[in-house]
Amino acid sequence: DLYVWPPSSGATGTGRAQAIRSFVVLREVLMQYLDERRTGKKWIPPMLKELVEVEVRTDVPEHPDVNRSDTASTEWRLARVVKAHPDGRFMACVYDSAGYPDEQFLEWYSRADENMEWRRHRPDSSLQPALGTQ
C-alpha cells in the first residue's frame with residue numbers, strides 16, 4: 001500500500017485517518033503539491049462545519065411549454081460543510097432562502113469549483129444564517 005497525506009492535513013505520516021489510497025484522489029493531492037510549489041500558496045479546503053456560499057439554481061415550475069434553461073436563474077446561498085475528504089472535496093448542506101439548513105439538499109464540491117460553484121463565506125457577507133442555526 002502507498003499512503004499519501006494532502007498538504008493541507010499537516011500530517012507527517014502518522015496515523016492512517018486521512019491517508020489517501022485512491023489513484024484519482026492521489027492525482028488531486030499531487031496537483032495540490034504542484035500548485036503550492038508553483039505559486040507558493042497552500043490551498044486549504046473548508047473545514048467540517050465551516051460555512052461556505054454556494055451557487056444554487058432557483059426552482060422553476062415544470063411546464064411543458066417553458067424551456068427550463070430560459071427561465072431559471074441562480075443565487076448564492078449559505079451551506080455548511082458536513083463531510084470532507086483528504087483531496088479537498090467536500091459535501092455541504094445547503095440552506096434555504098430563509099437561512100435555515102435544508103437537510104435534504106446536499107451537494108459535493110471540489111477545489112476546481114471554488115469561485116464558480118462555491119466561495120468562502122466572509123463574516124461581512126450579506127448571506128447570514130437564521131438566528132439559532134449556528
Side-chain angles (χ1 to χ4, degrees):
D1 287 341
L2 171 67
Y3 294 94
V4 178
W5 287 263
S8 60
S9 73
T12 59
T14 58
R16 294 183 178 182
Q18 293 291 313
I20 295 167
R21 297 184 68 186
S22 158
F23 283 114
V24 173
V25 175
L26 175 60
R27 180 188 178 283
E28 179 59 32
V29 169
L30 291 174
M31 292 302 294
Q32 287 179 30
Y33 277 114
L34 182 62
D35 287 348
E36 181 181 352
R37 185 173 273 188
R38 253 191 260 148
T39 65
K41 293 178 7 182
K42 182 190 293 189
W43 184 79
I44 309 274
M47 304 292 289
L48 271 178
K49 300 183 181 179
E50 182 177 337
L51 285 176
V52 294
E53 298 176 10
V54 299
E55 189 176 45
V56 176
R57 188 175 179 160
T58 57
D59 290 330
V60 177
E62 294 295 329
H63 190 278
D65 297 333
V66 176
N67 183 346
R68 188 169 171 83
S69 62
D70 291 342
T71 58
S73 63
T74 59
E75 65 184 20
W76 289 95
R77 289 194 189 164
L78 284 178
R80 184 169 306 280
V81 177
V82 294
K83 273 187 186 176
H85 286 275
D87 65 346
R89 288 180 303 124
F90 63 94
M91 179 188 280
C93 173
V94 180
Y95 285 40
D96 63 21
S97 58
Y100 292 95
D102 180 352
E103 301 296 330
Q104 302 299 312
F105 194 171
L106 302 170
E107 291 286 325
W108 283 97
Y109 298 96
S110 71
R111 178 175 72 126
D113 301 326
E114 188 170 11
N115 295 319
M116 291 180 286
E117 296 288 325
W118 72 276
R119 61 188 181 200
R120 297 180 189 270
H121 178 66
R122 296 180 326 274
D124 64 343
S125 170
S126 62
L127 295 175
Q128 296 299 324
L131 290 175
T133 60
Q134 290 196 325

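Reckoned from all heavy atoms, side chains included, excluding hydrogens, waters and symmetry mates.
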Give me the atom names and distance for the closest heavy-atom approach of Pro101 to Cys93.
CB-SG, 4.0 Å
Apply the test side chain to side chain contact (heavy atoms under 4.5 Å, CB included) to residues Glu50 and Phe90: give CA-CA distance (whole Å), side-chain angles for both, the deciding distance (0.1 Å), then the verdict.
CA-CA 11 Å; Glu50 182 177 337; Phe90 63 94; over 6 Å; no
Sequence neighbours excluded, the answer for ring-ring contact (aromatic ring centres under 6.0 Å, His included) partners of Trp108 is His85
Does atom CE of Met116 have more than 12 heavy-atom neighbours, drawn from other residues, nucleotides or ligands, at distances under 6.0 Å?
yes
Say whether, by atom type as modelled, one donor and one acceptor occur between the side chain of Trp118 and the main chain of Arg111 under 3.5 angstrom.
no
Which atom of Gly88 lies closest to which atom of Pro45, heavy atoms considered:
CA-CB, 3.9 Å
Mind checking what makes salt bridge (Lys or Arg N to Asp or Glu O under 4.0 Å) contact with Asp96, not counting sequence neighbours?
none
Determine, stepwise, if the pair Val52 / Tyr109 fulfils side chain to side chain contact (heavy atoms under 4.5 Å, CB included).
CA-CA 11 Å; Val52 294; Tyr109 298 96; 5.9 Å; no
Is there a donor-acceptor pair closer than 3.5 Å between any side-chain N or O of Asp35 and the backbone N or O of Gln32?
no
Please identify each residue that fulfils salt bridge (Lys or Arg N to Asp or Glu O under 4.0 Å) with Arg122, with sequence neighbours left out.
Asp124
Applying side-chain contact (heavy atoms from CB on, under 4.5 Å), can you list everything that pairs with Gln104, at least two apart in sequence or on another chain?
Asp102
For Tyr95 and Leu127, run side chain to side chain contact (heavy atoms under 4.5 Å, CB included): C-alpha distance rounded to whole Å, both residues' side-chain angles, the deciding distance at 0.1 Å, then the answer.
CA-CA 10 Å; Tyr95 285 40; Leu127 295 175; over 6 Å; no
Sorted by chain and residue number, the salt bridge (Lys or Arg N to Asp or Glu O under 4.0 Å) partners of Glu75 (sequence neighbours excluded) come out as Arg77
Hphob cluster co-occupancy, Val54 + Leu48, side-chain heavy atoms under 4.5 angstrom:
yes
Glu114: which residues meet the salt bridge (Lys or Arg N to Asp or Glu O under 4.0 Å) condition with it, sequence neighbours left out?
Arg120
hydrophobic_cluster_shared for Trp43 and Val81, side chain cutoff 4.5 Å:
yes
